[in-house]
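Inspection log for the structure reproduced underneath, given as structure tokens.
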Number of protein chains: 2
Amino acid sequence: MTGSYLKGRIRREDIITATVAVYAEAGYHGSSLREIARRVGITHAGLLYYFPTKEALLAAVLERRDAEDTERERLSVPPGLDALRRLVALAAHNMRHPGIVDLYARLAAEAVTVDHPAHEYFEQHYRMARGYAVESFRALAARGELRAGTDPEWAGLTFVALMDGLQVQWLSNREEVDLVGSLRFYLQNLLTVPLDQDQP
Amino acid sequence: MTGSYLKGRIRREDIITATVAVYAEAGYHGSSLREIARRVGITHAGLLYYFPTKEALLAAVLERRDAEDTERERLSVPPGLDALRRLVALAAHNMRHPGIVDLYARLAAEAVTVDHPAHEYFEQHYRMARGYAVESFRALAARGELRAGTDPEWAGLTFVALMDGLQVQWLSNREEVDLVGSLRFYLQNLLTVPLDQDQP
DNA sequence: CCTACCGATCGGTAGG
DNA sequence: CCTACCGATCGGTAGG
């Protein structure tokens, strides 16, 4: 039996990987199936054999990201100081994979239009991220580790927005923008305890 | 004499206004000269009589924005607390003109690619904004109005990034995101003096 | 400013 | 998966 499902699964993964790269360079609307297919070494019609429409391909890209996030979530800590530390570590990790940062910055900006196929995805994505951050700040507040008068709602909202805003600036000028340092600065300003430490 | 320069100038302004709206909806790459022309009531070839290429039209859009900013600059205050207040007021003003917020969020994200025709514009734009914010925080620090241990460099960088990040989130969900409140929350957290007050 | 056109490119389909 | 094709749309030009 030559026809193995495995081969097709690998092909799909290859296509999605190439798609992420092309989206990062040109955005969703600016990308063409032909360019993506070229990088995989097939024709655009061949690509459409695996993903029937351009939109289905976008959905697959977002689904893979969700799957990765869920995998990470499984290992993840409950909301709190460690959770915020982990988000900073995630930002540091992203800086070593600029393509992913590119992709999300571009897609998120494109998707603010309600009729964009990824609009709902990002709305939900932001809501989840905000919720996680807000819960973390609430946990800190309960332990008296949040500065007096600091509203966990505001803190969570601004923290998530800051992560995104910093990423766009960092993309456009990687020398002048210290992404991780800025996040740490921001967090430390809200805390009554040191952000680091406690690990031997 | 029927051929008045005035008519042409007005036409150009009309075209730029329509362009801003279309960019906001579709981004630069996603916009077509035909759609822009349609809104002005001419053909796309007619549009190219006024702006010889698609890129020249983009340049005109950015130039007009710069002109408006310069006009505002003329009335503007020196770096300091009033300057930061004014930036918050600008954000509040932008919320009443979502099209402009849309336009800049989308263009900025598109333009992170080095070969984008607006790349240099945004790099310069961010540098200026950061510089203005940093100078403001420095002035505050000199007057002892900045919290102890707060680095003006970090404060300026994060403030500008926060403005941008909040705008994207606000665009995607205008009910749940309080843009101005978040900015005020952030600023107040860095200050030793009340952000408001002092005006009768 | 328009009509009329160009070559290029797009997403998608038919038919194997 | 490919070849071959479709209709639609793109930015730009010629020629008035």
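All chains are named by letter (A, B, ...) in the order of the sequence lines, taking the proteins before the strands, and each is independently numbered beginning at 1.
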When both hydrogen-bonding distances must be under 3.5 Å and the geometry is Watson-Crick or G-U wobble, what is C:dC2 paired with, if anything? D:dG15
Classify the side-chain pair A:Thr43/A:Arg38 by whether it contains a donor and acceptor separated by less than 3.5 Å. no
Test B:Tyr28 against B:His116 for ring-ring contact (aromatic ring centres under 6.0 Å, His included), laying out the working first. CA-CA 10 Å; B:Tyr28 169 71; B:His116 193 284; 5.4 Å; yes
From C-beta outward on A:Ile42, which listed nucleotide comes closest to its side chain: D:dC2, C:dC10, D:dC10? D:dC2
So which nucleotide from C:dA4, D:dT3, C:dG11 ends up closest to the side chain of A:His44? C:dG11
Between C:dG11 (C1') and A:Arg38 (CZ): distance, integer Å: 18 Å
Quickly work out the B:His29 NE2 to C:dC10 P distance and round it to whole Å. 13 Å
What integer distance in Å separates A:Glu55:CD from C:dC10:P? 18 Å
How many Å lie between CG on B:Leu57 and P on D:dG12, as a whole number? 10 Å
Would you call the rings of B:Trp154 and A:Phe185 parallel, tilted or perpendicular, where under 30° means parallel and over 60° means perpendicular? parallel
Does OP1 or OP2 of D:dC10 have a side-chain N or O of B:Ser32 closer than 4.0 Å? yes
So does A:Arg39 pair up with A:Glu35, basic N to acidic O under 4.0 Å? yes
Which one, D:dT13, C:dG11, D:dG12, comes nearest to the side chain of B:Leu33? D:dG12
Nearest-angstrom distance from the residue atom CG of A:Leu47 to P of C:dC10: 13 Å
Gap between atoms CD and P, on A:Glu35 and C:dA8 respectively (whole Å): 18 Å
Between C1' of C:dC10 and CG of A:Leu48, the distance in whole Å: 11 Å
Rounding to an integer number of Å, can you tell me how far A:Tyr28 OH sits from C:dC10 P? 14 Å
Nearest-nucleotide pick for A:Thr53, side chain only, options being C:dG12, D:dC2, D:dT13: C:dG12
How many angstroms lie between OH in B:Tyr104 and CZ in B:Phe122, if you round to the nearest 0.5 Å? 6.0 Å
A:Thr43 has its side chain closest, among D:dG11, D:dT13, D:dT3, to D:dT3
Among the nucleotides C:dG11, D:dG12, D:dC2, whichever has the atom closest to the side chain of A:Arg34 is C:dG11
Using heavy atoms to find the nearest nucleotide of DNA chain D for A:Gly46 and B:Gly30 separately, return the residue whose nucleotide is more 5′. A:Gly46
